[in-house]
Trainee: 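My questions will all concern the structure given below.
So that the names make sense, note that chain A is the first sequence line, chain B the second, and so on, each numbered from 1.
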Protein chains: 2
Amino acid sequence: MLTANRQVHLGNLAVAGVPLAPFPGAQPVMHFSQDSTLYEEGDDATCYYRVVSGLVRTCRFSQDGRRHIDAFYKPGDVFGFEPGATYRFTAEAVTDCTVIPCRRRGAEEPEVQYLYSCAMEHLARAQAHAQLLGRGGAAQRMAGFLLEISVHKQAGVLELPMTRQDIADYLGLTIETVSRTLAQLQKLRAIRLLAARRIEITSRAMLQELCG
Amino acid sequence: MLTANRQVHLGNLAVAGVPLAPFPGAQPVMHFSQDSTLYEEGDDATCYYRVVSGLVRTCRFSQDGRRHIDAFYKPGDVFGFEPGATYRFTAEAVTDCTVIPCRRRGAEEPEVQYLYSCAMEHLARAQAHAQLLGRGGAAQRMAGFLLEISVHKQAGVLELPMTRQDIADYLGLTIETVSRTLAQLQKLRAIRLLAARRIEITSRAMLQELCG
DNA sequence: CGAATGGTTGATTGTGATCAATTCCCGTGG
DNA sequence: CCACGGGAATTGATCACAATCAACCATTCG
């Protein structure tokens, strides 16, 4: 088992001990296994989802075969709502995961109120992502990514649920560059590579300085 | 005069002849001259705005001095609403422009309904921007940019209100690369450079193929 | 044990950044 | 009208960084 979010209690909808806001119109939970597809780009956007456990990615493919990862969603995050009638991204399970689907209804209250806050949350993330990609260097992007996924983590040790390819496609780099850049950050004493998927952040300050 | 949106009628709030949706809580219009600042990152986000005429950019500076342009807003677009209490970007006038400010009120109906659709619109744009920046080549980014700003334009000739530096900061490139890439696209017969700020799109299909 | 997958490391190439002149475009003033 | 000046844009030469191509290593699984 890659992920181990043992604190999930479906009964009261709490993740890691933190109770979640009510999720209007929730349906029974669904399980997906690693690398399976939750929905595909172009499908009718009948539902949006909240992640209960595991990690989900939304992505899209260019016609030259390159994959662009739009975002990662961790427990508590909501994804899959759309301005239009169809999904603009494909959603896939990075790890085995559990999600709560929720039928889209015709923009009633208080659903809109809730969705609005979600949309703003997503907006901020997408803008941050664009800024990350606009920044020149691989080190800057990598530093930004590490800070992004380690936010809300007080402990210095990160478990990365995603592969190097996932990271590369999220940062607009190649796996080789991701690997080299991590090695380089380790040489700078900003991080320590405990294992391929385990990273200790030894100097958050240095990462922040790197990504500006 | 750089911009010439002569069809603006303030009386009935129409832009280029197309009537705009009502703008709840609108205040008297404001004018800003080229390169002036509408608000700065960190200011209290008291208002959001709709562009009546001209072009507005939202941007942010990294501590190494590099500028990242988040988005351009043209007549009819709404910008400046925020998840938090302060602006996360600086807004500047690319050209002389006129905007309608609107006080943020405490999330009442039907304001939220309206803001929700704006947020989703912004979200889609920010995601598209991130994807543009994630794509490798300068030609791909440039092609994507040209398609983006020429959408809703049937005529083949584009008037660019922004400088090469603006384009560069939006695409995460340098002005030299922007210039060279445009020249290259011209050699491919995808566009024709009529003047520095006038571009004719001769093959939209080729641009689409380039950016995938 | 061998195959498969994911990750790292090395050598080389290619693309865009950087540094450095020019050229173009406009508005101004003689 | 033309000369001039200044900002914007283009073009050229070189350099740096990440992509690519290619082995190689580590771990897991049959």
Trainee: Between Glu41(B) and Arg88(B), is there a salt bridge with N-O shorter than 4.0 Å?
Mentor: no
Trainee: Using the test ring-ring contact (aromatic ring centres under 6.0 Å, His included), find all partners of Phe81(A) that sit at least two apart in sequence or belong to another chain.
Mentor: His122(A)
Trainee: What integer distance in Å separates Lys187(A):NZ from dT8(C):C1'?
Mentor: 13 Å
Trainee: Nearest-Å distance, CG (Asp64(A)) to P (dA19(D))?
Mentor: 14 Å
Trainee: Who are the side chain to side chain donor-acceptor pair (under 3.5 Å) partners of Ser150(B), not counting sequence neighbours?
Mentor: Arg204(B)
Trainee: Tell me which pairs pass ring-ring contact (aromatic ring centres under 6.0 Å, His included) where either residue lies in residues 177-212 of chain A, with sequence neighbours left out.
Mentor: none
Trainee: Give, for atom CE of Met206(A) and atom SG of Cys211(A), the distance between the pair rounded to the nearest 0.5 Å.
Mentor: 13.0 Å
Trainee: Take the protein atom CD of Gln184(A) and the nucleotide atom P of dT9(C), then report the distance between them rounded to whole Å.
Mentor: 12 Å
Trainee: Taking side chain to side chain donor-acceptor pair (under 3.5 Å) as the definition, give me every residue that meets it alongside Thr90(B), ordered by chain and number, with sequence neighbours left out.
Mentor: none
Trainee: Assuming nearest nucleotide by heavy-atom distance, tell me which of Arg180(B) and Met162(B) is located more 5' along DNA chain D.
Mentor: Met162(B)
Trainee: Atom CG of Leu182(B) and atom P of dA8(D): how far apart are they, to the nearest Å?
Mentor: 17 Å
Trainee: Name all residues meeting the side chain to side chain donor-acceptor pair (under 3.5 Å) criterion together with Gln131(B); count only those two or more places apart in sequence or in a different chain, and write none if there are none.
Mentor: Arg60(A)
Trainee: Figure out the CD1/P separation between Ile199(A) and dG7(C), and round it to whole Å.
Mentor: 11 Å
Trainee: Which of residues 164-177 of chain B sit near DNA chain C, with a heavy atom under 4.0 Å from it?
Mentor: Gly172(B), Leu173(B), Thr174(B), Glu176(B), Thr177(B)
Trainee: Can you list every pair that meets ring-ring contact (aromatic ring centres under 6.0 Å, His included) and has a residue in residues 174-212 of chain B, with sequence neighbours left out?
Mentor: none
Trainee: With sequence neighbours left out, write down each residue that passes salt bridge (charged side-chain N to carboxylate O under 4.0 Å, His left out) with Asp70(A), or none if nothing qualifies.
Mentor: none
Trainee: Tell me the interatomic distance from Leu160(B), atom CG, to dC25(C), atom P, rounded to whole angstroms.
Mentor: 15 Å
Trainee: For the helix from dC1(C)-dG30(D) to dG30(C)-dC1(D), what angle lies between the axis at the first five pairs and the axis at the last five pairs, to 10 degrees?
Mentor: 30°
Trainee: Whole angstrom is fine here: how far is it from CZ in Arg198(B) over to C1' in dC25(C)?
Mentor: 14 Å
Trainee: Please identify each residue that fulfils salt bridge (charged side-chain N to carboxylate O under 4.0 Å, His left out) with Arg57(A), with sequence neighbours left out.
Mentor: Asp35(A), Glu92(A), Asp166(A)
Trainee: Please work out which residues in residues 138-150 of chain B have a non-hydrogen atom less than 4.0 Å from an atom of DNA chain C and list them by number.
Mentor: Ala138(B)
Trainee: Without placing hydrogens or testing angles, list every side-chain donor-acceptor pair under 3.5 Å for residues 186-194 of chain A, not counting sequence neighbours.
Mentor:
residue	atom	partner	partner atom	Å
Gln186(A)	OE1	Leu193(A)	N	3.0
Arg192(A)	NE	Glu200(A)	OE1	3.2
Arg192(A)	NH2	Glu200(A)	OE1	3.2

Trainee: Without decimals, in angstroms, what is the distance between Asp35(B) CG and dG7(D) C1'?
Mentor: 12 Å
Trainee: Pick base, sugar-phosphate or nothing for Gly136(B), based on heavy-atom distances below 4.0 Å to the nucleic acid.
Mentor: nothing
